[in-house]
K.L.:
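Before anything else, here's the structure in question.
Below, all heavy atoms of this structure are taken into account, side chains as well, without hydrogens, waters or symmetry copies. Just so we're on the same page: letters track the sequence lines, and every chain starts at 1. Computed from a predicted model, the values in this text were never measured in an experiment.
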Amino acid sequence: MALKDVLILVVKISIVIGGMLGVVAYLTLMERKVVAYIQERLGPNRVGPWGLLQPIADGIKLFFKEDVIPAHVDKLLYIIAPAITMTMAVMPFVIIPFSKSFFLSDINVGILLLLAISGINTYGVLLAGISSNSKYSMIGGLRVASQLISYEVALSLAFVGVVLWNGSMSLVKITEAQHVVWNIIPQFIGFIVFFIAALAELNRIPFDLPEAEAELVAGYHTEYSSMKFALFYLGEYANLTAMSAIITTLYLGGWQGPWLPGFVWFAIKTFVVLFVFMWIRWTYPRFRFDQLISVGWKVLIPLALLNIALTAILRIYI
Amino acid sequence: METILLITLFVPLLGAIINGVFGSPFKKYAHWVAVPAIGISWLGALYLLKFVMAGNTLNVNLWQWIPVKDFNVHFGLMLDPLSAVMIATVTTVSFFIHIYSIGYMHGDPGYRRYFAYLNLFVFSMLMLVLANNYVLLFVGWEAVGLCSYLLIGFWYEKKSASDAGKKAFIVNRIGDAGFILGIFTMFFAVGAVDYKTVFAAAPQLSAVIVGSITFFLFMGAIGKSAQFPLYVWLPDAMEGPTPVSALIHAATMVTAGVYMVARSSALYSAHGSIANAVASIGAFTAIFAASIALVNDDIKRVLAYSTISQLGYMFIGVGVGAYATGIFHLYTHAFFKALLFLTAGSVMHALHGELNMQKMGGLFKKMPHTGITFIIGALALSGIPPLAGFYSKDSILKEALVRGHTTIWWVGTITAFMTAFYMFRLIFMVFFGEPRDRELYEHAHESPAVMTIPLWILAIGAISAGWVGIGEDASPFFKFLAPSLHYAEHGVHFEPAAWQEWLPLIFGVAGILLAWSMYMKRIPSPVGMARAFKPIYKLLKGKYYVDEIYNIFIVKPIYYLAIILFKLVDRILIDGTVNGVAWVNRATGAVLNKIQTGAVKTYMLWIVFAATLIMWLQLLK
Amino acid sequence: MKTVFYINALFSLIFALGVIFGKNPLRSALSLLLFFLTIALDFFFAGSEYLGFVQIIVYAGGIIVMIAFVIILLGLKKESPDYDITVRSFTGIILLGFFALGVLYGLAKSVLHLIPKAPYFDTSAAGIGDALFSKYLLPFEVASILLLVGVVLAFIFAKKEV
Amino acid sequence: MLGFNDYLLVSVILFFVGALGVLFRRNLIYILMSLELMLNSINLTLIGLAKYSNDTNPQVLILLILVVAAVEVAVGLGLAINLMRVKKTVDVDLFKSLKG
């Protein structure tokens, strides 16, 4: 590999990660604003015009707080847990095609990479929960682990539908295959399953049991503070962004669209999905834990299997 | 036309499947499936008969059934004059018996099962008749055997019924073993089993081969058609419901043997001695069974022995080489014997299942329809013109005489006398005279219309069925059948004298008169006759003690042999070996289970040890 | 290439030892996770991306999570060493030593060099899928039945009343 | 040059380590994990074989081994939970009820 290629790659990676972190930081603001408007208030508006400097202020605050490591924790695991979360949140962007030519890598089993990442992602919260050595964290960690495992199955089965329909596991090829009709139409059942499973994967309402404030204080990150807490917090939003980007790529045609450049289309679609996630958060009540598991196993997985069967039939006869 | 053939053949099977498999929710209405099924089959058969009468034949191989190197059997059907006559007869008689059964079996808990079996039986019989090769014929052959077993043992709660079913099955099996040997010999000699090839090859075969084929095939016929040594199952088979007796043991199934011999006419004509044996056995059976019927008191058994005797006539016909006359008698007999059985069933129905003639009497006034139709049937059976039996029986005897079998003719003529006598003995005992059992008499009643109408229709058949055979050698029936049959040239041509032509009829009338004088006028009184000929009477009453003889000479020795085998070979030799093996295993196990410590890791050590050993052995080889 | 492979192998070995000599079951499980990742790396080196990712998904996403779950559920904490130091274990070591010696002896004799080479190496999901659904259909179906049996058994074992 | 022998060497060593774990640990969970080590060392051999014989078949075998490993863990852990419930321990040396 020539030095030039390496440099180009490094620049690309910096752009992606930097951009992603910026987006994530401002997502926190967006979420608060959306909440505020849904609840008919103004939201943050003190720091900067329309509160635009709020995320920076929050960052500075968290950065300068004292980093407390409680005495009863398993130190090693306690420290690596937020790191795993953050890293794995950024990883999907390695293969997501932002526009026709701008992507870091195109591997031919991209969807499997996504699944592998979401598999490892589990450890962040699980380890945080266990290493904290506190009952709220422990219950939160266990809950999140079983939730993620259950919904990962539905998620992978929804992936299978897309792979069957487009005949490839590479995200670039999948995007290109949608130039006539977006996957959301032939894969509608798959999309619904994927969307619900994604909500659960992201621990968002109505599936936010791991961090249900009312019962578990803050779930698995009860014992975390300062930058480590910030990492979890940002990781969550990074995951949210990544999932929106994945939904955009798999079901909404990725960067494809008329007139505007691909990158803009990609951003618009991603933000629409993000908005829907936030909208849902402030609309629905929380599930009970047994309800959550039974929805996963008894509704989503059968639906996803049905989707696979239908897709296969469609593939044969169309 | 092929479609109609298939419909005719398979609709009864469909009916059987519907009733047998899916029928349980509406078992009271089983006849709504079964009767139309046979009805369709009947119409199909008549249409096919018309088709064949126009001079056509049909030979279709539906699919290859058993392809094994040289041995190649098709599921093939053949429609020619012979099979057309057979299917027409079978379906006609079956159809009316089905209708009759609606009334007779009404309210029976096994109503649905009964109709399923009946349909299955008709299907089997049609397959037997329509087959174009011996293997498929054998399938039908076995299937009718199965159905007869099922239907004889229909009331299986009754021990005698289930025993009779088993007896029929086992006795038939003896004959069937012969039939299988016949097929094997045929395949060994000709290399094929379909009619066309076999018949074409028949003239070139040596006398021994043809003789053994025909002999073995005739063994099957003896079993199925209840001829002399193997007839014992048929009288016992009267344990089944009476319509079954009419259908299976009078009109259709037992005639399978006659049909088979006629169908194999090319083989039987090719070698005379076996054909003579057929005729002799037929004649012997005819007089033998008729003599038993003379003294029997069971209304259905008299008819059963009469069936055996009539089958004897048919074998005389096919045995002397006059195949068409045999088939002719088969066809007329189907009508009047079915009629007789059904009327007997009607009598039983009226008397709540009573079978003993000594308790009946004077029933004519109570049941006029049954009585008249019974008398029509009896007249037909006795060979009184112009009823059906006269023409067929007469022509059999004449053919026997023409071909020089004078002894057989005498035997047949005497049998005709006996036939008339026992039939009218039955009529006078059952329908006339004083009622012997008042209580039964009081409760007797005429059967419902659903039973009497089939009786009348069959009675018309019994009267008129023989008319197609009127005329010297060139009667329509014989001309029609001629293409299916192969006749041997017979050297002897004996011109019967006038008295010989009329003697059977005279004997028949004499038999009726004797019965009238004995059982109505008591001159000479039956009791006196019995006393006068006591030894003969006892012999006949005991049915020549054939069952007892079989019991002593066949059943008992086999039974004791089985006991010896059981005690010696099974108990000591086989059980000993098996137990010994078990003992060795247990002893080895007792030693080996010391190795089983229950500790997983020890097991793993053994695995590692074995793997290492194997690897090193491989490496150092 | 060889250096990279052996460095990775060294990590594999370290993590494997970490598994079997660990005191804290949870740490051991994580060590096992890292071991699996190194094996997945080996798969990537060999060019089989598909198997590498499947390895991560199945082991990291499923098996280790289950093990960690059970560890938490059973409340297994750091414990005093539970090594089984007996004659049996040492016999095992000796036997295993012979086993390893056998393999190394085989390597020395290079008996395993004689593997026939196919013309073209297919590592794609499609290629494996083709083999799986044609030549290996029966093993595939057996594996599916095995999975079903495993599900049923695990369910029965984990039920409150046995 | 990296050859099949290197793969074989590494996987033999890893197999050895896994077997050591099975032999020397008493805790059922540890034994299960050691078994996974052994299975993965086999996977390593197979991928080496696949690479150096240019063959698809070992890869299929790896998939089947994955299935076996998953089932083994599921059943083994179910057993562990059950044994803990019944016998209050996961020390395999204490489970000897199946003695012949």
K.L.:
Is any side-chain heavy atom of C:F90 less than 4.5 Å from a side-chain heavy atom of D:F24?
P.N.:
yes

K.L.:
Using non-hydrogen atoms only, which part of C:I64 is less than 4.5 Å away from chain D: side chain, backbone, both, or neither?
P.N.:
neither

K.L.:
Examine whether an atom of D:L79 lies under 4.5 Å from a heavy atom of chain C, and if so say whether it belongs to the side chain, the backbone or both; otherwise answer neither.
P.N.:
both

K.L.:
Taking only residues two or more places apart in sequence, or in another chain, which ones meet C:I7 in a side chain to side chain contact (heavy atoms under 4.5 Å, CB included)?
P.N.:
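Checked C:I7 against side chain to side chain contact (heavy atoms under 4.5 Å, CB included); matches are C:T3, C:F11.
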
K.L.:
Check whether C:L73 gets within reach of chain D through its side chain, its backbone, both or neither, counting any heavy atom under 4.5 Å.
P.N.:
side chain

K.L.:
Would you mind checking which part of C:F69 comes under 4.5 Å of any heavy atom in chain D, side chain (CB onward), backbone (N, CA, C, O), both or neither?
P.N.:
neither

K.L.:
Do the two ring centres, one from C:F5 and one from D:Y7, sit under 6.0 Å apart?
P.N.:
yes

K.L.:
Does a side-chain heavy-atom distance below 4.5 Å link D:F15 with C:F99?
P.N.:
yes

K.L.:
Tell me, side chain or backbone of C:V19 under 4.5 Å from chain D's heavy atoms, or both, or neither?
P.N.:
both

K.L.:
Tell me if the CZ atom of C:F155 is crowded by more than 12 foreign heavy atoms within 6.0 Å.
P.N.:
no

K.L.:
Which bit of D:L37 comes within less than 4.5 Å of chain C, counting heavy atoms only: side chain, backbone, both or neither?
P.N.:
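Both backbone and side chain of D:L37 come within 4.5 Å of chain C.
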
K.L.:
Please classify the contact of D:V68 with chain C as side chain, backbone, both or neither, using a heavy-atom distance under 4.5 Å.
P.N.:
both

K.L.:
Check each atom of C:L51 against the heavy atoms of chain D and say whether the ones under 4.5 Å are side chain, backbone, both or neither.
P.N.:
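When you check distances to chain D, only side chain atoms of C:L51 fall under 4.5 Å.
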
K.L.:
Which donor-acceptor pairs under 3.5 Å do the side chains of residues 135-150 of chain C make with protein atoms, sequence neighbours left out?
P.N.:
unit_1	atom_1	unit_2	atom_2	d
C:Y136	OH	D:N57	ND2	3.3
C:S144	OG	C:E141	O	2.6

K.L.:
Should D:L14 and C:F35 count as side-chain neighbours, where that means a heavy-atom distance under 4.5 Å?
P.N.:
yes

K.L.:
Could you look at C:I67 and say if it's the side chain, the backbone, both or neither that has a heavy atom under 4.5 Å from chain D?
P.N.:
both

K.L.:
For D:I29, is it the side chain, the backbone, both or neither that has a heavy atom under 4.5 Å from a heavy atom of chain C?
P.N.:
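Looking at D:I29, just its side chain touches chain C.
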
K.L.:
Considering only heavy atoms, which portion of D:V12 lies under 4.5 Å from any heavy atom of chain C: side chain, backbone, both, or neither?
P.N.:
side chain

K.L.:
Which region of D:V10, side chain (C-beta onward) or backbone (N, CA, C, O), has a non-hydrogen atom less than 4.5 Å from a non-hydrogen atom of chain C, or is it both or neither?
P.N.:
side chain

K.L.:
So, taking the atom named CD in C:Q55 and the one named CD1 in D:I62, what distance separates them when rounded to the nearest 0.5 Å?
P.N.:
8.0 Å

K.L.:
Considering only heavy atoms, which portion of C:F15 lies under 4.5 Å from any heavy atom of chain D: side chain, backbone, both, or neither?
P.N.:
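It is neither, since no heavy atom gets under 4.5 Å.
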
K.L.:
Would you indicate whether the side-chain heavy atoms of C:L153 and D:V71 approach each other to under 4.5 Å?
P.N.:
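Of all side-chain heavy-atom pairs linking C:L153 with D:V71, none is under 4.5 Å.
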
